[in-house]
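Working notes, structure below.
All values below come from the heavy atoms of this structure, side chains included, with hydrogens, waters and symmetry mates left out.
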Amino acid sequence: MAHKVNIYENGFDEDGVLRPSRIIETDDAAEAERLVREEMSRTNSMMAADVHVDWRLCSSIEEYVRLGNAPARWLAENPIDGCFMSLLVEDPEHWAQYGVTTPEELEKHRLLQSYSDHYKETYGVRPRHHGMTMETPIEEVEAAYDRLADMAPREDDQSTGL
């Protein structure tokens, strides 16, 4: 269990993918946020760092979202012309409207959304009848997402307009 701060010092690789050059793991949310902010300030780049929040270390949705929003908050405080990052809503009442009341449920909700987006990118359509819902154990959703993430996206352009 750890929050993972990804540091991107090398830019895009030969495949055009931005991969972290270093990953710093910490169970301290304040340290993770400090590391992200320091790297972004050092480089004055919104692409310098991000954080993968470990929901298991968060006591509330507010803490989970606050840490995940660290890069976007830095950018809002240090504007870079032409750059924008959106903030995830921090208000727990907003998430309660979706039946999401814990960091685990918010992580699962976001994973299910990412799964749907990646599925469409890979197959050209949104998934139907995949059987995963908010009632599905998070370990099953993570495993399905990992399997899908290992697949290459479609190379043809038939998915435009879907």
Side-chain angles (χ1 to χ4, degrees), residues 2-13 16-26 28-127 132-134 138 141-142 144-146 148-149 153-154 159-162:
H3 303 300
K4 295 179 181 175
V5 177
N6 299 307
I7 307 294
Y8 303 95
E9 296 168 317
N10 302 327
F12 292 91
D13 66 15
V17 177
L18 185 64
R19 299 185 198 283
S21 52
R22 291 185 294 142
I23 300 172
I24 303 166
E25 295 187 4
T26 179
D28 183 342
E31 179 183 21
E33 182 170 359
R34 180 185 58 76
L35 291 166
V36 167
R37 294 178 68 81
E38 282 179 1
E39 188 64 18
M40 292 176 82
S41 293
R42 184 184 72 76
T43 61
N44 197 40
S45 171
M46 67 181 266
M47 304 287 287
D50 66 21
V51 61
H52 178 82
V53 181
D54 188 328
W55 61 267
R56 296 166 294 192
L57 296 173
C58 298
S59 61
S60 66
I61 285 179
E62 296 95 331
E63 181 181 3
Y64 173 95
V65 175
R66 187 181 69 248
L67 180 53
N69 278 343
R73 276 199 323 278
W74 178 89
L75 184 61
E77 295 163 7
N78 303 277
I80 299 172
D81 194 36
C83 297
F84 172 78
M85 282 186 190
S86 62
L87 291 162
L88 194 60
V89 175
E90 293 186 24
D91 181 6
E93 290 181 25
H94 167 83
W95 294 109
Q97 294 174 9
Y98 296 94
V100 173
T101 59
T102 67
E104 178 181 6
E105 290 171 343
L106 184 51
E107 177 77 7
K108 189 186 307 183
H109 178 78
R110 296 181 72 203
L111 269 171
L112 288 168
Q113 292 297 314
S114 293
Y115 180 90
S116 179
D117 292 344
H118 195 85
Y119 189 98
K120 182 176 180 190
E121 184 179 317
T122 302
Y123 295 108
V125 295
R126 295 271 177 204
M132 290 187 298
T133 67
M134 286 298 290
I138 195 166
V141 177
E142 289 170 332
Y145 182 83
D146 289 344
L148 182 61
R154 292 170 46 134
S159 63
T160 57
L162 292 178

* Donor-acceptor pair, side chain of Arg42 and main chain of Ala48, under 3.5 angstrom -> no
* Dump the intermediate steps for side chain to side chain contact (heavy atoms under 4.5 Å, CB included) on Ile61 and Trp55, then the final yes or no. => CA-CA 9 Å; Ile61 285 179; Trp55 61 267; over 6 Å; no
* Asked: Under a 4.5 Å cut-off applied to non-hydrogen side-chain atoms, are Phe12 and Val17 in contact?
  -> no
* Asked: Roughly how far, to the nearest 0.5 Å, is the CD atom of Glu90 from the CD atom of Glu62?
  -> 8.5 Å
* Flag the pair Arg22 / Ile24 as yes when at least one side-chain heavy-atom distance between them is below 4.5 Å, and no otherwise. => yes
* Asked: Are any side-chain N or O atoms of Lys108 and backbone N or O atoms of Met134, one a donor and one an acceptor, separated by less than 3.5 Å?
  -> yes
* Closest non-hydrogen atom pair between Ala149 and His118, with its separation -> CA-NE2, 3.6 Å
* Measure from the side-chain N and O atoms of Glu63 to the backbone N and O of Ser59, and report whether any donor-acceptor pair falls under 3.5 Å. => yes
* To do: Could you give me the CA-CA distance, side-chain angles and deciding distance for Val65 and Val89, then say whether side chain to side chain contact (heavy atoms under 4.5 Å, CB included) is met?
  => CA-CA 7 Å; Val65 175; Val89 175; over 6 Å; no
* Asked: Just wondering, do Tyr119 and Leu148 contact through their side chains at under 4.5 Å, heavy atoms?
  -> yes
* Asked: Going through the checks in order, is the side chain to side chain contact (heavy atoms under 4.5 Å, CB included) test met by Leu112 and Met132?
  -> CA-CA 8 Å; Leu112 288 168; Met132 290 187 298; 3.8 Å; yes
* **Euclidean distance, Asp50 CG relative to Met40 CE, rounded to 0.5 Å** => 9.0 Å
* Would you mind reporting whether Val5 and Ile23 have side-chain heavy atoms less than 4.5 Å apart? => no
* Mutual orientation of the aromatic rings belonging to Trp95 and His109 [parallel < 30°, tilted 30-60°, perpendicular > 60°] -> perpendicular
* **Value rounded to 0.5 Å, distance of CE in Met46 from CG in Leu75** => 6.0 Å
* Structure fact -> Shortest non-hydrogen pair, Ser45 vs Trp74, comes out as N-CH2, 4.1 Å
* To do: Please check if the side chain of Asn69 supplies one atom and the backbone of Ala72 the other of a donor-acceptor pair under 3.5 Å.
  => no
* Is the backbone N or O of Thr101 less than 3.5 Å from a side-chain atom of Glu105, with the two atoms forming a donor-acceptor pair by type? -> yes
* What is the distance from atom CG of Asn6 to atom OH of Tyr8, rounded to the nearest 0.5 Å? -> 4.0 Å
* Asked: How long is the gap from CD1 on Ile7 to OG on Ser21, to the nearest 0.5 Å?
  -> 7.0 Å
* Could you tell me the separation between the CZ atom of Arg37 and the CD atom of Glu77, rounded to the nearest 0.5 Å? => 4.0 Å
* **Exam field: side chain Arg126 to backbone Lys120, donor-acceptor pair closer than 3.5 Å** => no
* Structure fact -> Looking only at heavy atoms, the pair that brings Gly68 and Val53 closest together is N-CG2, 3.5 Å
* Taking C-beta and beyond as the side chain, do Leu111 and Ile138 meet within less than 4.5 Å on heavy atoms? -> yes
* To do: With the side chain counted from C-beta on, respond yes when Arg73 and Met85 share a heavy-atom pair under 4.5 Å apart, and no when they do not.
  => no
* **From CA spacing to verdict: side chain to side chain contact (heavy atoms under 4.5 Å, CB included), His3, Cys58** => CA-CA 10 Å; His3 303 300; Cys58 298; 4.0 Å; yes
